[in-house]
Participant: 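What follows is a single structure, and I will ask about it in a moment.
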Amino acid sequence: MLERIRNAFQILSRDADVERALKEVQRALIASDVDVRLVADLVKEIKGAEIPKGVPKSRYVMKLLYDRLVDILGGHKRPFPVVPQRILLLGLYGSGKTTTAAKLGHWLQKRGLDVILVAADTHRPAAYDQLKQLAERANLKFFGIPGEKDPVRVVEEALKQKADVYIVDTAGRTTLDEDLVDEVKRIRDVLIPEKTLLVIPADMGQSAGREAERFAREVGIDGVIVTKMDGSGKGGGALSACAAAGVPVYFIGTGEHIKDFEEFDAAKFVSRLLGVPDIEKLAELAEETEINVEDILEGEYDINKFYAQIKATREMGPIDKVLEMLGIRSVPKELKKMTEEKFKKYDAIYKSMTKYERAHPEVLQDPSRIKRIARGSGTSEEDVHEFLRDYKRSEKLVKKLRKKGSRKQLERMLASGRLPIPK
Ligand code: GDP
Ligand code: MG
């Protein structure tokens, strides 16, 4: 879906060929399992739109397309409340409930809440261990009673534990049958959740809408979390079907790792799909790994900042993912891959520099300084040169980022219908 829609935007911006671009969008949406009627309506509406005088048609169509895609996928986000609460997770077998319990717990913990995960899937013996391990890895509280068969008793006991947020992981079934409905209702009667969330995998495509409706009717839900957005080409269908069913999608899961989880906002999602840099997401990721984006995007760039970046890269891994969100495809390889060995070297080199040198890298052209740093850090002069080359490349990249403009500018562009087009 992504490539095709991007391609459609290129057709619009390059050839101003509205007809062909709409065909491409149509194909992309249908391939992503979006309801054909929705797609037909979108195309009809855009074809029939009256173009205001003085606005180039292709530009106007881009803006319309952007707006309509955002609508179809669910409109603007409903922020998930960051408050003490009890959350009940429901879903069919294998939908990603247990993984999501940990992801959501981590997300709320990052926002200052004390979270406990509750193992109320008493059907699968392995479920207890799975949730316990995830809780340990994410540094979250955990409660479960090994061997207990009654989920209601687990929940009763769990509520005696002290925490701000209780996230209750439940058992799934292969279908929403009477047995599952009954179990959910019994759990709900003791838990009295503020939020009951249905977990649905993206690969269900548009049948996600029907499933959400059924759960809503049978047991009542407050919203949906769509998992496995990374591995499915049908995410568009799942998101649009939930929107059509009137059920808010609060979060999406985008991988197996605990951090592969984000609040869902259709506007942001579409912007990214079209290649508009997503500064907010970068800021969020950075917050969790302690790089200060403001710092990187503003003020003088120096070796201290470079060092902070490589440290963060080492902690968060694939910075290329982050940079791609900013529309930068060719990520310098030194940022992509910070091996442990290289980091140790760079760490030593950094520590052998004086405060003045770190803030004024230009003085490091002096060979005697290079020699001193190499000796002090137990590395070679070539290593120090490599460090400086990487620093230079990183500095260039940051300048590029700055040129890409701030969030405010992007918002202004979107508001005026001047979408920045990815190259
Ligand atoms: P449950 O039966 O509903 O509790 O599902 P689990 O949480 O055990 O997840 C089932 C499988 O899906 C596991 O292998 C998870 O690692 C995987 N999974 C869950 N969420 C995601 C996601 O967002 N992306 C990917 N790629 N895999 C996921
Ligand atoms: Mg489970």
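Indexing begins at 1, ligand by ligand and atom by atom, following the structure's order.
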Participant: Decide if atom CD of E382 counts as having more than 12 heavy atoms of other residues, nucleotides or ligands within a radius under 6.0 Å.
Facilitator: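 Above 12, so yes.
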
Participant: State, without any angle test, whether Y350 and N304 hold a side-chain donor-acceptor pair at a distance under 3.5 Å.
Facilitator: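 Short answer, yes.
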
Participant: Give yes or no for whether the N/O distance cutoff of 3.5 Å, strictly under, is met between T100 and ligand 1.
Facilitator: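 For ligand 1, there is no N or O atom that lies under 3.5 Å from one belonging to T100.
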
Participant: Should E24 and R27 count as an ion pair when the cut-off is N to O under 4.0 Å?
Facilitator: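 The answer is yes: the pair qualifies as a salt bridge.
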
Participant: Taking 4.0 angstrom as the limit, do K160 and E157 come out as a salt bridge?
Facilitator: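 Between E157 and K160 there is a salt bridge, with a charged N closer than 4.0 Å to a carboxylate O.
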
Participant: Checking a contact table here: which protein heavy atom is nearest atom 8 (O) of ligand 1, and how many Å away?
Facilitator: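 Its nearest protein heavy-atom neighbour is Q130 NE2, 3.0 Å.
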
Participant: Near T99, which atoms of ligand 1 are under 4.0 Å from a heavy atom of that residue?
Facilitator: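 Counting atoms of ligand 1 from 1, those under 4.0 Å from T99 are 6 (P), 7 (O), 9 (O), 15 (C), 19 (C).
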
Participant: Distance under 4.0 Å to a non-hydrogen atom of G253: what atoms of ligand 1 satisfy this?
Facilitator: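 Near G253, meaning under 4.0 Å from one of its heavy atoms, ligand 1 has 23 (O).
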
Participant: Quick one: does ligand 1 sit under 4.0 Å from the side chain of K103, the backbone, both or neither, non-hydrogen atoms only?
Facilitator: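 The answer is the side chain.
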
Participant: Return the residue, atom name and 0.1 Å-rounded distance of the protein heavy atom closest to atom 27 (N) of ligand 1.
Facilitator: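 Going by distance alone, atom 27 (N) of ligand 1 is nearest to E256 CG, 3.6 Å.
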
Participant: Taking 4.0 Å as the limit for heavy-atom contacts, which would you say applies to M229 with ligand 1: side chain only, backbone only, both, or neither?
Facilitator: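 Neither part.
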
Participant: Who gets closest to atom 4 (O) of ligand 1 by heavy atom: D260, I225, T98?
Facilitator: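 Comparing heavy atoms across D260, I225, T98, the nearest one to atom 4 (O) of ligand 1 lies in T98.
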
Participant: Does T98 put an N, O or S atom under 2.8 Å from the Mg ion (ligand 2)?
Facilitator: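 Yes, T98 qualifies, because one of its backbone or side-chain N, O or S atoms lies under 2.8 Å.
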
Participant: Does a salt bridge link D347 with K351, judged by any charged N lying under 4.0 Å from a carboxylate O?
Facilitator: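 Salt bridge between D347 and K351, a charged N being under 4.0 Å from a carboxylate O: yes.
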
Participant: Can you check whether T227 has an N/O within less than 3.5 Å of an N/O in ligand 1?
Facilitator: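 Min N/O separation from ligand 1 is not below 3.5 Å for T227.
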
Participant: Please report the interatomic distance CD1(I187) to CD1(I192), rounded to the nearest 0.5 Å.
Facilitator: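 I187 CD1 to I192 CD1: 13.5 Å, rounded to 0.5 Å.
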
Participant: Between E395 and K392, is there a side-chain N and carboxylate O pair less than 4.0 Å apart?
Facilitator: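 Answer for the salt bridge query: yes.
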
Participant: Is the closest heavy atom of G91 to ligand 1 under 4.0 Å?
Facilitator: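 Under 4.0 Å: no for G91.
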
Participant: I want to confirm something. Looking only at heavy atoms, which of K228, H257, K97 is nearest to atom 11 (C) of ligand 1?
Facilitator: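 Comparing heavy atoms across K228, H257, K97, the nearest one to atom 11 (C) of ligand 1 lies in K228.
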
Participant: With heavy-atom distances below 4.5 Å as the criterion, would you say the side chains of Q161 and K141 are in contact?
Facilitator: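 Contact flag for Q161/K141 side chains = no.
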
Participant: For T254, counting its heavy atoms only, list the atoms of ligand 1 lying under 4.0 Å from any of them.
Facilitator: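 Listed by number with element, the hits are 23 (O).
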
Participant: Say whether G255 and ligand 1 are in contact under the criterion: heavy-atom distance to a ligand atom below 4.0 Å.
Facilitator: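 For ligand 1, residue contact (heavy atoms, under 4.0 Å) with G255 is present.
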
Participant: Compute the centroid of each ring, for Y166 and then for F143, and state whether the two points are separated by less than 6.0 Å.
Facilitator: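 Aromatic pair excluded; centres sit 6.0 Å or further apart.
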
